[in-house]
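Shown next, in structure tokens, is the structure this report addresses.
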Amino acid sequence: MDSSEASHHPYWPRDLSIPTYVANDRSMSEILVFLFSVSGLFMLVTWLITGQATSRLGAWRRLAVCWFAVCGFIHCVIEGWFSLYYDIIPGDQRFLSQLWKEYCKGDSRYAIADNFTVCMETVTAWLWGPFSFWAVYAFLTNKPYRFLLQLIISVGQAYGAVLYFFTEHRDGYAHSELGHPIYFWFYFVFMNTLWIVIPLALILDAWKHLSAAQRQTDSTKSQKHKKN
């Protein structure tokens, strides 16, 4: 393989062959501003809605609902785009494809339609995405299954993120410029660690509420049995 042909892209390993690659015409700042602006807008709107809809949600719970709203956007729209167009993204110039090409600087598995990333992102997009919006609705309307939804979504997210890191660890972190402050530490490590740390906190929170509900049910049954 000709080295100049293999490395006309910015991804690692440098000899990775991506013959259809076309360089982005959008800057990194444009792409990141879009991502964080839209995510921030989802958080702001959800925060305002949770404040207007009911007084029973405390600050922590409102932040958790905001998290699910942002997850719904990222899973359904951004990861949904990857699950649909993963095979043409390297040469595509539509905005969300360029967003993915920028992220590929932190993990080039997305540029080569790696089997794990395609399967993981497809499950995330079409399962955890809609479930996240469902969780927002469940908390706003005080549905009895809301903490069960929180538990299911959070376990799925944490499990996927752990596998994401572990599979790349077994590959020797070959798909990123190891140690790069933006591409490795920010794109690859920080942005994905969020889907371990926050879901773990929400798993513990759901565990606490579901356990309390079960204790109450057991106590009620015990009292009824004594009366009988």
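Just the heavy atoms: all of them, side chains too, but no hydrogens, waters or symmetry mates, feed the values below. Numbers here are sequence positions counted from 1.
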For the residue pair [X] and [Y], categorise the inter-ring angle as parallel (less than 30°), tilted (30 to 60°) or perpendicular (more than 60°).
{"X": "His169", "Y": "Phe166", "result": "parallel"}
{"X": "Phe36", "Y": "Phe186", "result": "tilted"}
{"X": "His180", "Y": "Tyr183", "result": "parallel"}
{"X": "Phe188", "Y": "Tyr164", "result": "tilted"}

Check whether any side-chain heavy atom of [X] sits under 4.5 Å from a side-chain heavy atom of [Y], and report yes or no.
{"X": "Tyr187", "Y": "Leu32", "answer": "yes"}
{"X": "Leu163", "Y": "Met120", "answer": "no"}
{"X": "Glu177", "Y": "Phe184", "answer": "no"}
{"X": "Trp47", "Y": "Leu63", "answer": "yes"}
{"X": "Ile31", "Y": "Leu35", "answer": "no"}
{"X": "Val155", "Y": "Pro199", "answer": "no"}
{"X": "Phe190", "Y": "Trp185", "answer": "no"}

Have a look at Arg109 and tell me which of Asp171, Thr167, Thr117 forms a side-chain hydrogen bond (donor to acceptor under 3.5 Å, both in side chains) with it.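 So the option named by the test is Thr167.
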Let me see the working for Trp12 and Ser176 under side chain to side chain contact (heavy atoms under 4.5 Å, CB included), right down to the final yes or no. CA-CA 5 Å; Trp12 290 73; Ser176 182; 5.6 Å; no
Checking Trp195 against Tyr159: is there a side-chain donor and acceptor pair closer than 3.5 Å?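 The answer is no; no qualifying pair exists.
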Under 3.5 Å, is there a donor-acceptor pair linking the side chains of Gln98 and Asp25?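 Asp25 and Gln98 do have a side-chain donor-acceptor pair below 3.5 Å.
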Shared hydrophobic cluster, [X] / [Y] (ILVMFWY, side-chain heavy atoms < 4.5 Å):
{"X": "Leu99", "Y": "Met28", "result": "yes"}
{"X": "Trp100", "Y": "Val22", "result": "no"}
{"X": "Val197", "Y": "Trp67", "result": "no"}

Evaluation steps, side chain to side chain contact (heavy atoms under 4.5 Å, CB included), between Gln150 and Phe68: CA-CA 9 Å; Gln150 176 174 307; Phe68 284 122; 3.7 Å; yes
Kindly say whether [Y] contributes a backbone atom to a donor-acceptor pair with the side chain of [X] at under 3.5 angstrom?
{"X": "Thr141", "Y": "Tyr137", "answer": "yes"}
{"X": "Glu121", "Y": "Val118", "answer": "no"}
{"X": "Tyr11", "Y": "Lys101", "answer": "yes"}

Look at atom CG of Asn115 and say whether more than 12 heavy atoms of other residues, nucleotides or ligands are closer to it than 6.0 Å.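 No, CG of Asn115 has 12 or fewer neighbouring heavy atoms, counting only those of other groups under 6.0 Å.
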Does Tyr85 have Arg94 sitting over its ring (NZ/CZ under 6.0 Å from centre, angle to axis within 45°)?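 Cation-pi check for Arg94 and Tyr85: passes.
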Establish, for the pair Arg26 and Phe34, whether the NZ or CZ atom is under 6.0 angstrom from the six-membered ring centre and no further than 45 degrees off its axis.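 Not flagged: Arg26 not positioned over aromatic ring of Phe34.
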Could you tell me the separation between the SG atom of Cys76 and the CH2 atom of Trp126, rounded to the nearest 0.5 Å?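 Interatomic distance, Cys76 SG to Trp126 CH2, rounded to 0.5 Å: 7.0 Å.
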Using the side chain to side chain contact (heavy atoms under 4.5 Å, CB included) rule, take His75 and Gln157 through it: C-alpha gap first, then chi angles, then the decisive distance, then the call. CA-CA 10 Å; His75 293 337; Gln157 290 175 328; 3.0 Å; yes
Taking the basic N atoms (NZ, or NE/NH1/NH2) and the acidic carboxylate oxygens, is any pair closer than 4.0 Å for Asp205 and Arg61?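 Between Arg61 and Asp205 there is a salt bridge, with a charged N closer than 4.0 Å to a carboxylate O.
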